[in-house]
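Everything numeric in this text was worked out from a predicted model, so none of it was measured. When reading the values below, keep in mind they use all heavy atoms of this one structure, side chains included, and skip hydrogens, waters and symmetry mates. Remember, it's 1-based here, ligands and their atoms both numbered in the order they're listed. The first residue in the sequence is number 1, and the count goes up from there.
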Amino acid sequence: MLNTKGLELDSQLFGILRRELGRQRHKLEMIASENFVSEAVLACAASVFTNKYAEGYPDRRYYGGCEFADELEILTQARARKLFGAEYANVQPHCGSSANMAAYFSVLKPGDTILGMDLAHGGHLTHGAPVSFSGRLYNCRFYGVRQDTELIDYDQVAEMAETIKPKMIVAGASSYPRIIDFAKFREVADRCGAFLLVDMAHFAGLVAAGLYPSPIPFAEIVTTTTHKTLRGPRGGLILCRKKYGKAIDDQVFPGLQGGPLMHIIAGKAMALGEALEPDFIDYQRQILKNTDRLAIRLADSGFRLVSGGTDTHLLLIDLRGTGLTGQVAQTALDLAGITANKNAVPFEKERFTVASGLRLGTAALTSRGLVEADIDDVSEFIIEALRHTEDEGRLKKIGHRVEEFSQRFPLYPNLMS
Ligand code: DSN
């Protein structure tokens with residue numbers, strides 16, 4: 001379907017693209033933050049809008065020839081507002097990090113205090129980690145999960161907020177398998193006069209489908225990526241109350257970005273349009289069923305899941321006590337044709353580069369059409385691989401079975417074939 005004319009003339013590059021397509025087709029993609037966009041989204045991302053500079057905003061551009069870019073951006077903003085019930089949308093951030101940066105810049109000054117979730121407990125780099133711009137520019141303090149339940153310690157959030165009086169509280173996570181109580185965060189933020197920012201990047205698709213509580217009524221600003229459960233192109237999105245719209249716009253452009261990626265904005269429009277269709281709810285519901293089934297199968301086989309399970313598209317296996325590390329598990333699964341990532345588990349002692357956890361998500365597999373019975377097969381592949389991490393031959397044999405299995409779920413059948 002997609003036009004690859006001319007590409008085959010560059011055999012070196014064409015080969016790389018083909019091999020990546022082959023990898024995506026023949027392996028099982030279980031990185032919780034990844035997904036497969038529709039061919040329509042792919043077509044938008046590869047469209048002629050890649051040629052267009054459109055610095056500024058609709059009707060306020062710095063270049064000529066932006067009449068269709070304006071139409072496109074207005075459409076994308078409207079779809080984003082409609083899908084999430086938000087007052088205002090900025091669709092230009094290139095990624096989740098730049099969305100968070102623009103959001104912080106719009107209401108904070110360097111040195112202000114942010115209270116965010118500890119990276120080691122499931123938070124994100126941009127929620128204050130010292131290696132990120134957020135940790136370098138702001139005075140960042142962290143809440144985490146309780147040791148007994150591995151659920152967010154809302155008492156700790158309240159106590160810390162009371163003591164340190166943050167200017168902003170950040171809720172949202174990249175490896176927290178449970179539902180976040182936004183009303184509680186709002187209550188705490190109100191008590192100390194803080195802004196509440198929710199980064200819903202991981203669960204935005206679930207929010208859109210009404211299967212995860214919406215943060216929109218509770219937070220002044222909500223940020224997200226568009227490529228995780230939302231199943232759009234790689235990019236960012238900011239939703240906010242109208243009164244913050246201008247400040248946010250100014251920080252995205254010219255604050256930190258130049259020209260918006262209009263081809264990616266076209267992909268966002270397409271994905272948001274898809275998410276507004278009723279079958280998107282079925283898709284998200286199937287993600288939850290699949291993750292739940294995966295959690296049951298892993299737990300039945302003796303693996304301990306952080307917080308005991310999942311309410312979302314992801315789960316986290318705690319490998320402590322199994323003799324495995326996250327890195328060993330990731331490498332073994334890779335040989336077995338399953339792509340996942342090592343991840344810190346709360347209160348662990350390992351370095352992040354080794355980690356004691358393995359994070360698994362089902363959004364991408366669900367996009368390929370897998371349902372619970374297929375997840376049973378996937379669980380068996382995972383369990384067998386994790387039980388034989390040192391047997392390279394066996395892992396490779398699993399990899400062959402995975403390749404055969406994955407052919408039952410064609411991915412982009414018309415692409416480069
Ligand atoms: N890298 C993303 C994730 O894997 O969760 C977060 O930005």
Trainee: Using every non-hydrogen atom in the two residues, find where Ile216 and Gly85 come nearest and quote the distance to one decimal.
Mentor: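 That closest heavy-atom pairing would be CG2-O, 3.5 Å.
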Trainee: Is Lys397 salt-bridged to Glu392, cutoff N-O under 4.0 Å?
Mentor: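 Glu392 and Lys397: not salt-bridged.
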Trainee: Determine whether the aromatic ring centres of Tyr104 and Phe195 lie less than 6.0 Å apart.
Mentor: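 Not under 6.0 Å, so no.
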Trainee: Quick one: which ligand 1 atoms are inside 4.0 Å of a heavy atom on His124?
Mentor: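 Near His124, the atoms of ligand 1 are 6 (C), 7 (O).
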Trainee: Answer yes or no for Arg401 and Phe381: cation-pi contact, defined as NZ/CZ to six-membered ring centre under 6.0 Å and angle to ring axis within 45°.
Mentor: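 Here Arg401 fails the 6.0 Å and 45° test against Phe381.
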Trainee: I need the atoms of ligand 1 closer than 4.0 Å to a non-hydrogen atom of Ser174, numbered in the order shown.
Mentor: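 Answer, ordered by atom number: 5 (O).
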Trainee: Which atoms of ligand 1 have any heavy atom of Arg359 under 4.0 Å away?
Mentor: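 Answer, ordered by atom number: 3 (C), 4 (O), 5 (O).
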Trainee: Parallel, tilted or perpendicular: which one describes the rings of Tyr154 and Phe185, with boundaries at 30° and 60°?
Mentor: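 Tyr154 and Phe185: perpendicular rings.
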Trainee: Counting heavy atoms only, which of Ala173, Gly361, Ser33, Gly96 is nearest atom 3 (C) of ligand 1?
Mentor: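 Answer by nearest heavy atom: Ser33.
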Trainee: Against heavy atoms of His202, which atoms of ligand 1 measure under 4.0 Å?
Mentor: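 Atoms satisfying the 4.0 Å criterion: 3 (C), 5 (O).
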